[in-house]
Every structure is written in structure tokens, then in C-alpha cells.
Amino acid sequence: MKELRLMKGNEAVAEAAIRFGVDGYFGYPITPQSEILEHLMAENPYPKTGMVVLQAESEVASINMVYGGAACGKRVMTTSSSPGISLMQEGLSYIAGAELPCLVVNVVRGGPGLGTIQPSQADYFQSTKGGGHGDYRLIVLAPSSVQEMYDFVGLGFDLAFKYRNPAMLLADGVIGQVMEKVEVDDYKPRWTDEYIKKSFPWATTGKNPNQPHVIVTSLELDSARQEQVNLRIQAKYRECEKNDVRFEMLHCDDAEYIFVAYGSSARICQKAIEMGREKGIKVGLLRPITLWPFPTQILRELSYKVKGMLAVEMSAGQMVEDVILATENRIKVEHFGRFGGIIPSPQEVVTALETKIIGGK
Amino acid sequence: MNESIIKPENLVYRRTPVLTDNVMHYCPGCGHGTIHRLIAEVIEEMGIQEQTIGVAPVGCSVLAYNYLDVDIQEAAHGRAPALATGIKRLKPDFFVFSYQGDGDLAAIGTAETIHACNRGENITMIFVNNGIYGMTGGQMAPTTLEGMKTSTSPYGRDIKMMGNPLKITELLAQLPGTIYVTRQAVYKPALVRKCKTAIRKAFENQRLNKGTSFVEVVSNCNSGWKLPPVEANKWLEENMLPMYPLGDIKDVK
Ligand SMILES: Cc1ncc(C[n+]2csc(CCOP(=O)(O)OP(=O)(O)O)c2C)c(N)n1
């Protein structure tokens with residue numbers, strides 16, 4: 001029997017990091033995710049697993065400490081919430097450009113600016129379209145339960161190392177703060193330095209005699225070579241789109257209408273489906289688990305079968321653009337959302353479906 | 001050439017193998033090349049080439065990784081001390097150094113610099129102060145002297161308008177996290193030898209695990225200062241050194 005724990009989403013991230021064998025965590029406090037750093041400091045994993053935990057002077061510093069560790073082939077991560085993630089965009093661009101793996105967790109709060117500490121999903125564009133400068137993507141996972149907050153730490157690292165690219169968990173204040181039952185793993189040992197040196201020739205692990213030294217950089221001044229770097233990165237992204245799209249479908253078999261929602265909005269939609277179906281509306285849910293790569297193909301297939309889709313997001317309408325692109329104007333697609341930290345009720349979602357999609361022209 | 005004079009006892013100079021064969025891109029007379037060589041020689045003499053990880057900055061020395069034959073990471077502008085922190089924390093048995101110019105270390109990266117030193121990261125920080133932004137074409141730096149002309153202070157640095165030259169090295173010496181803080185120069189052979197001793201000490205200190213070692217090297221920028229090398233060195237001595245005097249500022253035994 002696996003061990004069961006009652007935990008907040010934020011604590012689950014911290015616990016997963018320790019048990020997965022993460023080497024380093026660098027972070028700066030910000031609501032609604034400060035419990036991650038607090039939990040790690042309280043657990044003090046260093047004597048037990050050798051995991052380093054350090055409070056940095058800013059998110060700019062955190063992400064660059066992550067760069068330093070990631071370039072050594074270590075499994076390193078940072079976590080923050082929206083304003084802090086904005087500060088990390090420079091670092092993320094450099095990490096993607098240098099093709100390094102790492103994990104970043106964004107427990108999103110409402111913006112713009114200092115905004116509010118209440119939950120939001122308004123960082124979708126920033127997370128899925130690049131965020132910093134240059135042509136790059138983050139691999140973005142959207143947990144919708146505390147269990148997934150736990151599980152996606154390991155999955156995020158696996159994908160980050162598979163593609164040598166930063167991965168992000170895009171959560172929101174609800175998933176970070178809510179307490180749920182979580183099945184936790186046994187402690188996995190951290191990778192040994194020998195294993196890292198053998199497995200990751202791109203990492204700075206100390207120069208090998210009679211071999212060229214390792215340079216980790218995102219700089220390539222020669223345009224022809226810089227284009228090659230970009231093409232290589234893009235080829236990697238096409239592979240990721242082919243192999244690692246993840247999503248969940250609920251009640252889609254007989255559905256005439258589809259909610260498209262991730263994270264806590266998907267949880268609200270589950271209730272809205274129950275309420276809708278009681279009224280005789282055949283509605284299902286497509287929940288993207290990877291926001292990038294986006295589940296374009298399945299949405300395209302569904303667009304041949306259903307009458308309309310409602311993208312439910314706690315934002316002014318961001319993911320809805322990707323749903324429209326995927327469904328190629330074949331059917332009616334609308335957005336429903338509350339923002340500024342307000343969580344929509346299932347009743348509001350059903351009403352939006354009725355007025356914007358079913359009743360709408 | 002008379003081959004018979006090629007004997008070990010006649011050797012006066014040998015290029016360290018810790019420098020690569022790549023031709024350096026630095027302007028003639030620039031101090032960066034000399035400072036690279038000193039770091040490379042120290043690494044060779046300490047026998048730590050395979051246990052050293054460096055961090056290069058954004059600035060003229062952005063390509064330091066092409067010349068120093070150790071594993072090396074290229075940081076974003078100003079962030080080298082944060083990278084060095086991440087490396088050293090995760091690889092405490094390694095010798096870790098950062099290499100930065102004055103714009104990188106004392107303007108855009110001030111926070112990372114101060115906090116790495118304040119935590120007493122067990123690393124060696126090399127700070128090359130040429131009083132100007134060399135790479136971007138000679139703009140005003142935090143260390144630009146009062147009245148000094150640069151492309152963004154074309155009438156001379158006006159303290160009221162543009163603020164004061166920043167003596168960041170003195171500031172860092174105030175922090176309990178630093179154990180060795182020194183200011184050196186490389187425009188004369190005797191000073192080159194002194195500077196090497198300081199860099200050696202700053203690397204050796206990592207064995208003690210007591211805090212941060214910080215070596216400022218006051219250097220020239222012929223192109224940015226618009227002076228030929230010899231005149232630039234004279235200008236350095238007469239103008240930079242009164243503001244940035246050489247010598248150890250802090251040496252915790
Ligand atoms: C975020 C960011 N801002 C600005 C620049 C442009 N930039 C490149 S190097 C540099 C100044 C470098 O000056 P310094 O650190 O004094 O080094 P030097 O070139 O003189 O050796 C600047 C402003 C940049 N690369 N990144």
C-alpha cells in the first residue's frame with residue numbers, strides 16, 4: 001500500500017521534489033505559493049537526500065541559480081507566482097536557448113501588475129507562447145488536483161530532460177492552496193555525479209582530459225549558425241508536439257457540446273457537466289494536461305462531431321484562441337471566464353453554455 | 001634560429017595549456033587577455049583544470065569561454081554570481097569562479113553581486129573595471145570617473161545628473177561574507193605578477209570554505225577611452241588609480 005497524505009497543493013510540490021530526488025531548489029517568497037519554500041525549509045532535506053534548498057534574493061537570482069545548477073546536469077527547480085514568473089522570463093529564455101532542463105512552478109494569481117493574491121489563469125499566454133525573448137517554448141503541464149501537483153513534478157523533470165528544455169507546472173491559487181488526499185512515492189535516490197557525467201555530455205561536470213571543454217551558452221554570433229541552433233530547437237519542439245501531448249476527456253462520447261478547461265476551471269466544469277446533463281444538455285469536457293504542446297489534434301477531431309465549444313478560463317480569454325485555431329471555425333467557439341481572482345460557479349458556466357453556445361447564433 | 005638554445009633551463013615563458021589555441025578577439029592593449037592568462041596559469045599551477053567551472057559575463061569578455069580551457073557557462077548580463085551560486089551549492093567540491101566587467105557586476109548585476117558576497121558564497125569573483133561599457137561601444141558605466149567622456153556622457157560625467165562613480169569593491173568589503181577583497185592592475189609587469197598572486201590566493205581560499213574572495217582588476221579600454229595603449233595605461237595610472245587605489249582592502253586570516 002502506498003502512503004496517503006492530506007496535503008495542500010503547494011506542499012505536494014515540495015514533498016514530490018524531495019522524494020523524486022531533486023538536487024536543488026532556489027526560490028523567493030510570494031503568495032499564494034510560499035508554502036513550497038516553507039515546507040522545504042521545514043523538511044530540511046539536505047541531511048537526508050542531499051537536496052539543496054536556498055532562499056534567493058529575487059526571482060531573477062532564483063532562475064539564474066537554476067541555470068547554474070541545470071548546466072551541471074542537476075535536477076533543479078524554482079517556484080513562484082505571476083509577478084515573480086515575469087521576472088524570470090529573461091532567465092527562462094537563456095535556459096531554453098542554452099538547451100537546459102529545469103522545472104518551474106507558477107501558482108498563478110490575478111494580474112496585471114501586483115493584481116491580487118487570488119487565483120487566476122491569466123498567465124496562459126506568457127507560459128505557452130514563449131514568455132521571454134526569442135523563439136522558444138516551455139513544456140507546460142496543468143495540474144487540476146493536488147495529486148497531479150505531486151505527480152507532475154516528476155513528469156515535468158522527465159520531459160525537461162527528454163527535450164533539454166525548461167518545463168513549467170501552470171497551477172493556480174486554488175490548486176496550490178486546496179487540501180486533498182495524495183498518494184506519495186518512496187524516496188528515490190538522487191543521481192550520482194558519475195551517472196550525470198556519463199549521461200549528459202552537454203553538462204559542465206569538469207573537463208575531461210584530452211576532450212574539449214564543455215561550454216554552456218545561448219550565444220551564437222554567426223547568423224548562419226544561429227539559424228541552425230534555432231532549427232534544431234524547433235525540430236525538438238515538433239518531436240514534443242508529436243509525442244507528448246496529454247489530455248483527459250470526460251463524457252465526450254455522446255457530447256454535443258464541449259467545455260475546454262484546465263486546472264481548477266476543469267474541476268468547476270465537471271460539476272457544470274452534472275448540472276447540464278440533469279437539464280438534458282449533452283456536454284463533455286476536454287481537459288488539456290499539456291497546455292504546450294496543446295491538444296490541437298483531438299480538438300480538431302471533436303470539432304467534426306460536436307456543435308460548439310466553450311473555453312472556460314479564469315482569464316479574459318487566452319486559451320480560447322488555441323481552441324479556435326484547432327477547430328478551424330468549423331463550429332461555434334466562445335470563451336467564458338471571470339478574472340481578477342474571481343472563481344466562476346458551475347451555475348455560471350452552465351448559463352454561459354446556454355447563452356453563448358446553445359442559444360447563440 | 002639556433003636550435004641548441006631550446007633547453008628547459010632557458011625557458012622564460014610558456015603559454016599555459018589552460019588557454020585554448022583560439023585567437024583572442026580583444027583590442028590590442030586590452031587587459032582582458034592578460035587577466036584570462038593569469039586565471040589560466042593559476043588553474044594550471046593548482047592542478048584544478050578538471051575540477052573548475054567558470055562563469056562568463058555579458059560584455060567584452062562574453063567569449064571568455066573560447067579561451068579558458070575549463071568547463072564554463074555563459075550567463076545573462078549581470079547574473080554570473082547567481083549561476084556561480086547554483087553551481088557551487090550543487091558541486092561544493094569544485095572550484096567555481098565568475099568573471100565580470102563593471103557594467104555587468106556593478107550596474108545590472110548589483111543585487112546578484114551583493115547577495116552572493118553577503119551569503120559568503122565560497123567562490124572566486126573576478127571583476128574587471130575599465131570604467132566604461134566596452135562591448136556596446138563605450139557608454140558610461142557605474143565606475144566611470146567624474147568628468148570622464150563616454151558616448152552617453154559626451155560632455156563628461158556630471159555627478160549631479162548621472163550619479164557618482166561606484167566603489168563597489170569597498171562596499172563588498174563591508175560584508176561579513178567576503179574574506180578576501182583586493183584591487184589589482186595589470187598595466188605593468190610587476191603589477192601583473194602581483195595580480196596573479198592575488199588571483200591564486202582567491203582560488204586557494206575556496207579550499208578554506210570561509211566565504212567569498214573578490215579580485216577587482218583596474219583595467220583599460222583603449223577603444224572606449226579613444227587612446228592608444230601606452231597612453232591609455234598612463235591615463236589609467238593618473239586618473240583611475242586615485243579613485244580606485246590598488247591593494248588589499250580586506251584579508252580575513
Ligand atoms: C539585459 C541586457 N541589457 C543590455 C545588454 C547590452 N550590453 C551588452 S554588454 C554591456 C555592457 C558591458 O560592459 P562591462 O560589463 O563594463 O564590460 P566590458 O565590455 O567593458 O568588458 C551591455 C550594456 C545586454 N546584453 N543585456
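Quick caveat: nothing in here was measured; it's all calculated off a predicted structure. Chain identifiers are assigned alphabetically (A, B, ...) following the order of the sequence lines, protein sequences preceding nucleic acid strands; residue numbering begins at 1 within each chain.
Only the side chain of A:Val76 comes within contact range of chain B, with at least one heavy atom under 4.5 Å from a heavy atom of that chain. Using a 4.5 Å cut-off between heavy atoms, B:Leu63 contacts chain A through its side chain alone, with no backbone atom that close. Residue contact with chain A, scored on non-hydrogen atoms closer than 4.5 Å, involves the backbone and the side chain of B:Leu90 alike. Heavy-atom distances place both the backbone and the side chain of A:Tyr67 under 4.5 Å from chain B. Contact of B:Tyr65 with chain A is made through backbone and side chain together, with heavy-atom distances under 4.5 Å.
Between B:Glu112 and A:Val60, the closest side-chain pair of non-hydrogen atoms falls below 4.5 Å. Under the 4.5 Å side-chain criterion, counting only non-hydrogen atoms from C-beta, B:Val62 is in contact with A:Leu219. Side-chain contact between B:Arg89 and A:Met65: absent, with no pair of heavy atoms (C-beta onward) separated by less than 4.5 Å. Between B:Asp71 and A:His213 there is a side-chain heavy-atom pair separated by less than 4.5 Å. B:His115 is not listed as a side-chain neighbour of A:Ser58, based on a closest heavy-atom distance of 4.5 Å or more. For the pair A:Ser218 and B:Glu74, the minimum side-chain heavy-atom distance is 4.5 Å or more. For the pair B:Asn66 and A:Ile215, the minimum side-chain heavy-atom distance is below 4.5 Å.
Most heavy-atom pairs under 4.5 Å with chain A, from the set B:Thr52, B:Leu68, B:Val55: that is B:Leu68. Contacts with chain A were tallied for B:Lys91, B:Gln51, B:Lys88, B:His77; B:Lys91 has the most, counting heavy-atom pairs under 4.5 Å. Taking chain B as the reference chain and counting heavy-atom pairs below 4.5 Å, the highest number among A:Val52, A:Leu54, A:Asp23 is found for A:Leu54.
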